[in-house]
Protein chains: 2
Amino acid sequence: MDGERARDVTIYDVARAAGVAASTVSRTFSRPGRVNAATAERVRQVADTLGYRTNPLARALSTARTHMLAVLVSDIGNPVYGEMVRGVQSVATQAGYTVLLADSQESDRTERAALERALPSVDGIVLAGSRMSDAAIRVIAKQKPVVVLGRAVVDVPSVVPDNARGAREVAAHLAGLGHSALTYVAGPAASWADGVRWRALLEAAEELQLRLRRTGPSSPDVAGGVRAAAELLAQPTSAVVAYNDQLAIGVVRGLRGRGVRVPADVSVVGFDNVGAAELVTPGLTTVAAPLQAGGAAATRALLAMVQGAPGSTGAPVVLPVRLVVRGSTAQRSRKSTSPASRTTTVSASAAQASTSTDAGSR
Amino acid sequence: MDGERARDVTIYDVARAAGVAASTVSRTFSRPGRVNAATAERVRQVADTLGYRTNPLARALSTARTHMLAVLVSDIGNPVYGEMVRGVQSVATQAGYTVLLADSQESDRTERAALERALPSVDGIVLAGSRMSDAAIRVIAKQKPVVVLGRAVVDVPSVVPDNARGAREVAAHLAGLGHSALTYVAGPAASWADGVRWRALLEAAEELQLRLRRTGPSSPDVAGGVRAAAELLAQPTSAVVAYNDQLAIGVVRGLRGRGVRVPADVSVVGFDNVGAAELVTPGLTTVAAPLQAGGAAATRALLAMVQGAPGSTGAPVVLPVRLVVRGSTAQRSRKSTSPASRTTTVSASAAQASTSTDAGSR
DNA sequence: ATGAAAGCGCTAACAC
DNA sequence: GTGTTAGCGCTTTCAT
């Protein structure tokens with residue numbers, strides 16, 4: 001590739017060629033104004049022709065500021081995290097920071113290792129979908145500025161979607177459609193969001209006089225949903241709320257596969273509003289969280305801390321959510337809620353579409 | 001956050017405490033074996049109790065090896081890139097490298113800027129979905145090890161899916177179903193993959209005696225597909241091949257929205273096998289590329305170059321693809337290929353499912 | 001406004 | 001095997 005170890009063009013090279021001291025060159029780039037306009041111009045000129053690029057690592061060594069931020073996700077292949085990272089990226093880049101990505105691949109050990117490696121090179125960390133315990137996170141937060149995204153950790157600045165409000169809106173929506181009993185299909189047992197959603201649903205159900213059942217935990221993917229659908233048949237309901245969209249989509253599949261019509265027989269709601277939610281048939285009613293905005297907000301908070309702000313350790317920043325109504329929810333049918341005969345062909349109330357309050361999902 | 005500028009625990013601190021020279025400490029960590037086992041043990045011990053962590057930036061400054069790799073993507077929110085990045089991540093991490101993410105946000109200027117900033121901090125770069133011209137890429141490849149992913153650039157090591165073979169398989173599949181004329185819905189005009197797919201389709205069509213039309217270019221998203229569907233109606237075909245899955249899904253939507261049945265009236269095929277492909281109704285027949293494997297392969301090649309390998313500037317590495325047959329393609333109906341009456345309700349041949357050759361898509 | 005010199009934390013020669 | 005001594009490229013006092 002490179003012929004012979006091409007040494008960088010250094011500040012000294014520029015200094016010599018411009019007939020000034022190294023410190024002057026340094027000032028020209030980091031502290032303009034503290035240097036004579038004419039000199040600065042000349043230096044810049046020379047630097048340009050010499051092809052000088054300031055070396056961020058050397059700068060970091062001497063300033064103890066790397067201008068890098070780490071974002072830790074549990075699975076970058078998951079579009080939910082992709083969106084968050086995108087938000088982080090844009091804010092970081094704008095502020096002159098570089099983003100270092102650490103993917104824990106859903107494993108605790110990998111996560112720790114990734115963190116260990118990234119830590120000394122960054123000025124701060126965004127933890128999105130961490131597997132670590134609250135305590136472990138607090139320990140890290142003591143060493144470096146940390147902002148947690150998508151989960152509230154006491155004593156650590158956090159940014160979370162308004163899950164509670166989302167759950168309440170879902171309950172109200174379903175109640176408005178005449179449903180009187182809901183079933184919640186829980187996600188991973190350890191999930192913070194799952195807990196919040198369930199509890200909010202519980203409160204809302206009480207307020208609205210709805211009966212509420214819970215099933216699960218399930219792995220938060222389509223397969224998990226299909227399995228959950230089987231259980232659902234044992235104790236039929238007219239409305240199910242799933243921990244997330246993947247699970248909800250699986251539930252719809254499982255239900256339909258067994259001859260239950262959605263939404264005619266059962267309404268289904270998810271959380272997240274992933275891209276697929278509007279592509280499936282029927283479109284999935286879901287609670288949309290501002291993923292990208294969340295990443296951006298977390299990063300702004302992080303940068304503030306990096307630049308010396310106290311780090312608001314009070315209540316977490318709560319991001320507004322939005323109920324996106326699509327075809328998977330409908331008026332409760334007056335018919336019994338028991339599964340239709342399995343011989344019935346899956347008739348198409350398919351012609352669902354666009355009543356959707358939906359906006360730009362991608 | 002931190003009370004008072006906590007200076008790092010340095011190699012000197014450890015050296016003093018262990019009663020050895022700094023270089024010995026250094027060796028203990030970077031070149032074990034070159035140091036007395038007993039001494040090494042003691043050093044490690046001391047380092048541990050002191051909480052010493054070697055500073056990668058300082059190390060980089062002195063060795064000119066940062067142990068960081070940059071991966072440039074055009075949109076990290078796009079699951080296709082997410083998968084690739086995941087592949088990059090795992091290989092890089094395994095090899096002790098850290099990944100620096102640069103998202104060009106589909107903009108040339110952002111891409112250049114991101115690259116400029118990342119370049120001096122990394123040992124090599126994976127370019128996934130770059131907007132830059134081949135020439136520009138070659139320039140960069142002269143300065144730093146570069147591997148291009150998903151596109152072949154002459155004189156620069158590249159890793160690409162076997163688009164040509166994919167296109168041929170699609171043509172054969174469709175021909176096998178009795179289709180005699182295909183329409184290709186092109187993606188972005190500037191896309192390298194689009195060109196390859198089109199040309200391969202052209203050859204295959206000739207071989208198989210199929211008529212082939214082309215429409216587009218279209219923006220490679222669902223909306224673009226819906227628009228393309230309108231054009232399609234003007235000159236009906238029984239089979240359409242779209243540049244990618246999003247576009248294909250859009251086409252299916254557009255077609256169905258206008259009363260054309262898929263696959264009964266028209267078969268539709270996409271490329272990529274994104275997650276949504278198996279979730280839509282009917283499931284989308286598509287060409288699956290090993291995204292993650294691609295990221296991994298590119299990274300392995302990059303690491304080899306970083307470690308001094310020549311950088312195979314010959315033919316690109318070609319990754320095998322796989323045709324995933326789902327419900328969106330079917331035997332050509334003997335009926336005319338003209339669109340069904342628009343008044344016809346969208347009847348459900350919906351009961352598609354699982355004939356699919358599909359395996360693990362996520 | 002500019003220059004000189006010391007040092008960030010680590011590694012790489014080169015002695016011993 | 002281990003210690004000594006220079007730097008890597010940049011910023012930062014402290015002088016001037």
Side-chain angles (χ1 to χ4, degrees), chain A residues 2 4-44 46-47 50-68 96 117 119-123, chain B residues 2 4-44 46-47 50-68 96 117 119-123:
Chain A
D2 5 47
E4 55 278 345
R5 280 301 301 97
R7 275 255 291 71
D8 281 2
V9 176
T10 83
I11 243 183
Y12 291 107
D13 300 328
V14 177
R16 191 170 320 119
V20 298
S23 52
T24 299
V25 177
S26 174
R27 287 179 191 117
T28 304
F29 292 113
S30 43
R31 217 161 309 251
R34 282 209 191 299
V35 60
N36 186 340
T39 325
E41 184 46 41
R42 183 156 39 95
V43 169
R44 245 184 280 276
V46 173
L50 253 51
Y52 167 77
R53 327 249 49 177
T54 137
N55 177 334
L57 271 52
R59 188 211 292 271
L61 188 57
S62 118
T63 59
R65 291 235 156 299
T66 66
H67 285 256
M68 297 204 240
R117 181 164 309 132
L119 244 157
S121 311
V122 301
D123 292 339
Chain B
D2 7 44
E4 54 275 348
R5 279 303 297 96
R7 274 256 289 70
D8 281 2
V9 177
T10 83
I11 241 182
Y12 292 105
D13 301 327
V14 177
R16 192 171 319 122
V20 297
S23 53
T24 298
V25 178
S26 173
R27 287 180 191 116
T28 305
F29 293 113
S30 41
R31 218 162 311 253
R34 282 209 191 299
V35 61
N36 186 339
T39 327
E41 185 46 41
R42 183 157 39 94
V43 168
R44 245 185 280 278
V46 173
L50 254 50
Y52 168 77
R53 328 250 47 179
T54 137
N55 179 334
L57 271 50
R59 187 209 292 270
L61 189 57
S62 124
T63 59
R65 291 237 157 295
T66 66
H67 285 255
M68 297 203 238
R117 182 164 309 133
L119 244 156
S121 312
V122 301
D123 292 340

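This structure is a prediction, so every number in the text was calculated from the model and none was measured.
- Proximity of a side-chain donor or acceptor of B:R42 to a complementary backbone N or O of B:A18 within less than 3.5 Å is detected.
- Of the residues A:T39, A:V14, A:T28, A:V25, the one that meets the side chain to side chain contact (heavy atoms under 4.5 Å, CB included) test with A:R44 is A:T28.
- Note that the OG1 atom of B:T54 and the CZ atom of B:F29 stand 8.0 Å from one another [nearest 0.5 Å].
- Remark: A:T24 OG1 to A:R34 CZ distance equals 13.0 Å, nearest 0.5 Å.
- Checked by atom type and distance alone, the side chain of A:T66 pairs as donor or acceptor with a backbone atom of A:S121 at under 3.5 Å.
- The salt bridge (charged side-chain N to carboxylate O under 4.0 Å, His left out) test applied to B:R53 returns A:E116, not counting sequence neighbours.
- Comparing the helix axis at one end of the helix from C:dA1-D:dT16 to C:dC16-D:dG1 with that at the other, each defined from 5 consecutive pairs, gives an inter-axis angle of 30° (nearest 10°).
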Given protein heavy atoms under 4.0 Å, the one-letter contact record of nucleotides 10-16 of chain C, with B base, S sugar-phosphate only and - none, is simply BBBB---
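- Residues satisfying the side-chain contact (heavy atoms from CB on, under 4.5 Å) criterion with A:S30, sequence neighbours excluded, are A:S26, A:R59.
- Atom-to-atom, CG of A:L61 to C1' of C:dA6 comes out at 13 Å; the value is rounded to the nearest Å.
- Rounded to the nearest 0.5 Å, atoms CD1 (B:I11) and CG (B:N55) are 10.0 Å apart.
- Residues from residues 32-43 of chain A with heavy atoms under 4.0 angstrom of DNA chain C, sorted by number: A:R34, A:V35, A:N36, A:T39.
- Regarding A:R16, its CZ atom lies at a distance of 13 Å from the P atom of D:dC10, rounded to whole Å.
- The salt bridge (charged side-chain N to carboxylate O under 4.0 Å, His left out) check on A:R16 picks up A:D13, with sequence neighbours excluded.
- Contact check, B:T24 against D:dG3: a side-chain N or O comes under 4.0 Å of OP1 or OP2.
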Residues A:L57, A:L61; criterion side-chain contact (heavy atoms from CB on, under 4.5 Å); working and verdict: CA-CA 6 Å; A:L57 271 52; A:L61 188 57; over 6 Å; no
